[in-house]
A.B. asks: 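Below is the structure I would like to discuss, written out as structure tokens.
Sequential numbering from 1 along the given sequence is applied to the chain's residues.
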Amino acid sequence: MNAVTLAKTAYASSSRAPLQTSRGTEYEAFAKITHQLQSALKKGRSGFAQLASALHENRRLWTLLAIDVAEDENGLPNDLRARVFYLSEFTADHSRKVLSDGADASVLVEINAAIMRGLRQKGDAA
């Protein structure tokens, strides 16, 4: 089972149409989690529990992506696969810093937003 299939299972609503592109599924997963992160950040200290939950979901998504790009069958160029894997590691590390040291989580929102822009651009070009 690859990350796209897992993302569909984990993040797709059962009321959605069953036919959707992988890129669209990835975009929706990023959009949902990024919104959760932004919402928690707006609440400040009172949103810490919500932030912790959003960080957990964000790490799950990035872990799924890392697993997917590590598979030999992944069709992305090696350079892009390496960058996605690195971002997954950065996300996990920075999330720990947010939770333990109070680091700013907005960088994770920025990374997700950049990925969403890339998914949208490639989707528009296809």
Side-chain angles (χ1 to χ4, degrees):
M1 182 174 280
N2 67 23
V4 174
T5 305
L6 289 172
K8 284 182 183 179
T9 304
Y11 298 106
S13 169
S14 61
S15 64
R16 296 192 187 269
L19 186 60
Q20 187 171 21
T21 66
S22 297
R23 186 171 287 122
T25 301
E26 290 171 349
Y27 183 91
E28 284 187 25
F30 272 105
K32 178 182 174 184
I33 293 169
T34 303
H35 176 74
Q36 290 171 354
L37 287 167
Q38 290 171 321
S39 177
L41 287 172
K42 286 179 186 175
K43 293 181 180 180
R45 288 181 176 223
S46 67
F48 185 78
Q50 182 182 353
L51 178 61
S53 177
L55 288 169
H56 172 72
E57 292 302 316
N58 194 48
R59 285 188 298 197
R60 281 182 59 205
L61 176 60
W62 278 101
T63 298
L64 291 172
L65 291 171
I67 291 167
D68 189 44
V69 298
E71 292 181 0
D72 290 335
E73 305 84 39
N74 187 288
L76 293 175
N78 286 339
D79 181 56
L80 181 55
R81 291 169 63 183
R83 287 185 276 157
V84 169
F85 195 87
Y86 167 78
L87 285 172
S88 174
E89 290 179 330
F90 175 85
T91 298
D93 184 56
H94 194 74
S95 295
R96 280 189 294 277
K97 290 176 183 176
V98 170
L99 293 172
S100 63
D101 301 333
D104 186 6
S106 63
V107 68
L108 300 172
V109 171
E110 292 172 22
I111 290 169
N112 286 5
I115 296 296
M116 290 167 56
R117 283 190 301 272
L119 288 169
R120 181 63 71 196
Q121 287 174 354
K122 289 189 175 202
D124 291 343

A.B. asks: Calculate, to the nearest 0.5 Å, the distance between atoms CG and CZ belonging to Leu51 and Arg45 respectively.
C.D. replies: 12.5 Å
A.B. asks: Does Leu108 reach the side chain of Trp62, with side-chain heavy atoms less than 4.5 Å apart?
C.D. replies: no
A.B. asks: Side chain to side chain contact (heavy atoms under 4.5 Å, CB included) between Phe90 and Asp93: does it pass, once the steps are laid out?
C.D. replies: CA-CA 5 Å; Phe90 175 85; Asp93 184 56; 5.6 Å; no
A.B. asks: Determine, step by step, whether Arg59 and Arg96 satisfy the side chain to side chain contact (heavy atoms under 4.5 Å, CB included) criterion, reporting the C-alpha distance in whole Å, the side-chain angles of both residues, the deciding distance to 0.1 Å, and the verdict.
C.D. replies: CA-CA 10 Å; Arg59 285 188 298 197; Arg96 280 189 294 277; 4.1 Å; yes
A.B. asks: Closest approach of Ala40 and Gly47, non-hydrogen atoms and distance?
C.D. replies: CB-O, 3.8 Å
A.B. asks: So how far is it from Leu37 CG to Asn112 CG, rounded to the nearest 0.5 Å?
C.D. replies: 6.5 Å
A.B. asks: State whether Arg60 and Glu57 are salt-bridged, where the test is any N-O pair (Lys NZ or Arg NE/NH1/NH2 against Asp/Glu carboxylate O) under 4.0 Å.
C.D. replies: yes
A.B. asks: Could you give the distance from CZ (Arg120) to CE (Met116), rounded to the nearest 0.5 Å?
C.D. replies: 7.5 Å
A.B. asks: How about Asp104 and Val98: do any of their side-chain heavy atoms sit closer than 4.5 Å?
C.D. replies: no
A.B. asks: Nearest 0.5 angstrom please: Phe85 CZ to Ile67 CD1, how far?
C.D. replies: 9.0 Å
A.B. asks: Measure the OH-CD1 distance between Tyr27 and Ile115 for me, rounded to the nearest 0.5 Å.
C.D. replies: 12.5 Å
A.B. asks: So, for Arg23 and Leu119, which heavy atoms are closest and what is the spacing to 0.1 Å?
C.D. replies: CD-O, 3.0 Å
A.B. asks: Pair Ser95, Leu55 - check side chain to side chain contact (heavy atoms under 4.5 Å, CB included), show working.
C.D. replies: CA-CA 6 Å; Ser95 295; Leu55 288 169; 3.8 Å; yes
A.B. asks: Under 3.5 Å, is there a donor-acceptor pair between the side chain of Asn74 and the main chain of Leu76?
C.D. replies: yes
A.B. asks: Are Ser53 and Gln36 close enough that a side-chain donor and a side-chain acceptor fall under 3.5 Å?
C.D. replies: no
A.B. asks: Got a second to check how far Arg83's CZ is from Asp79's CG, nearest 0.5 Å?
C.D. replies: 4.0 Å
